[in-house]
Amino acid sequence: MGKVIFYEDRNFQGRTYECISDCSDISSYLSRVGSIRVESGCFMVYERNSFMGNQFFLRRGEYHDMQRMMSMGMTFDTIRSCRMIPSYRGSFRMRIYERDNFGGQMYELMDDCENIMERFRMSDCQSCHVMDGHWLMYEQPNYRGRMSYFRPGEYRSFRDMGYSNMRFMSMRRITDMC
């Protein structure tokens with residue numbers, strides 16, 4: 001169980017909205033998000049409503065202002081939705097594929113991968129199947145750049161999911177005690 005509190009202004013000021021599960025439209029509660037306090041659990045926050053657009057991973061802690069979050073790697077300045085990441089204590093397993101619809105080269109991951117090019121000689125990743133665990137995938141090696149959250153399921157085409165201008169080059173398991 002997680003709990004996040006969104007504040008309209010910096011430094012935990014102004015109107016608040018408390019969330020203990022997914023919220024597809026924070027803007028119906030607050031005009032903007034200026035700071036965030038994650039009291040428990042882990043969350044992904046999204047740039048647009050309905051869990052769309054750029055994403056950023058939040059673990060337990062205080063996020064005093066959007067500028068500080070952007071210096072931590074967040075690539076957007078507006079938060080419109082959030083998704084709670086459930087706790088997971090099992091094994092991790094994901095298959096990544098070079099092309100859409102599970103085509104081309106396939107590699108199976110059970111641990112973090114900081115660079116698919118160096119580790120697998122794989123220049124692109126266009127689909128994946130997450131069998132176990134929750135994962136973050138990054139557009140650059142060494143867990144940098146824009147990120148996306150993947151929970152168990154089949155993801156046949158990153159392009160069809162809206163990631164046409166993004167190449168995933170590193171993957172990390174979410175092992176935090178969310």
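- When all heavy atoms of G73 and F56 are compared, the closest pair comes out as C-CE1, 3.8 Å.
- Here the closest non-hydrogen pair linking S170 and Q140 is OG-O, 2.6 Å.
- The closest donor-acceptor contact from the side chain of D112 to the backbone of R173 lies under 3.5 Å.
- Between R93 and E108 there is a salt bridge, since a side-chain N of the basic residue sits under 4.0 Å from a carboxylate O of the acidic one.
- Salt bridge R119/D111: present, at least one basic N to carboxylate O contact under 4.0 Å.
- Distance alone, capped at 3.5 Å, is enough to place a donor-acceptor pair between the S35 side chain and the F12 backbone.
- With hydrogens and angles ignored, the 3.5 Å screen pairs no side-chain donor or acceptor of S27 with any backbone N or O of R80.
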- Task: Take E8 and T16 through the side chain to side chain donor-acceptor pair (under 3.5 Å) test and state the conclusion after the steps.
- Result: CA-CA 6 Å; E8 227 169 26; T16 65; over 6 Å; no

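- Cation-pi check for R37 over Y63 is not met; the charged atom does not lie both under 6.0 angstrom from the ring centroid and within 45 degrees of its normal.
- With hydrogens and angles ignored, the 3.5 Å screen pairs a side-chain donor or acceptor of S127 with a backbone N or O of R99.
- Here the closest heavy-atom approach between residue C23 and residue Y29 is recorded as SG-CE1, 4.0 Å.
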- Chi angles and distances behind the side chain to side chain contact (heavy atoms under 4.5 Å, CB included) call for Y143, L136: CA-CA 9 Å; Y143 320 116; L136 291 175; over 6 Å; no

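- Between Y7 and Y17, the ring center distance fails the sub-6.0 Å criterion.
- No donor-acceptor pair under 3.5 Å is formed between the side chain of S24 and the backbone N or O of N49.
- Looking at N11, its side chain never comes within 3.5 Å of a backbone N or O of Q13 through a donor-acceptor pair.
- For the residue pair M122 and Q105, the shortest heavy atom distance occurs at CE-O, 4.1 Å.
- Residues H134 and Y149 have side chains that bring a donor and an acceptor to within less than 3.5 angstrom of each other.
- For the salt bridge (charged side-chain N to carboxylate O under 4.0 Å, His left out) condition, the pairs that include at least one residue of residues 63-77, sequence neighbours left out, are R10-D65.
- For E47 (side chain) and N54 (main-chain N/O), a donor-acceptor pair under 3.5 Å exists by modelled atom type.
- Contact between C125 and I96 at its shortest, heavy atoms only, is SG-CB, 3.7 Å.
- A pairwise comparison of heavy atoms in Y97 and H129 identifies CE1-N, 4.3 Å as the closest pair.
- Side-chain atoms of Q126 and D124 include a donor-acceptor pair closer than 3.5 Å.
- The backbone N or O of K3 lies less than 3.5 Å from a partner atom in the side chain of S40, making a donor-acceptor pair.
- Residues R32 and D9 are paired through a salt bridge, judged by an N-O separation under 4.0 Å between the basic side chain and the carboxylate.
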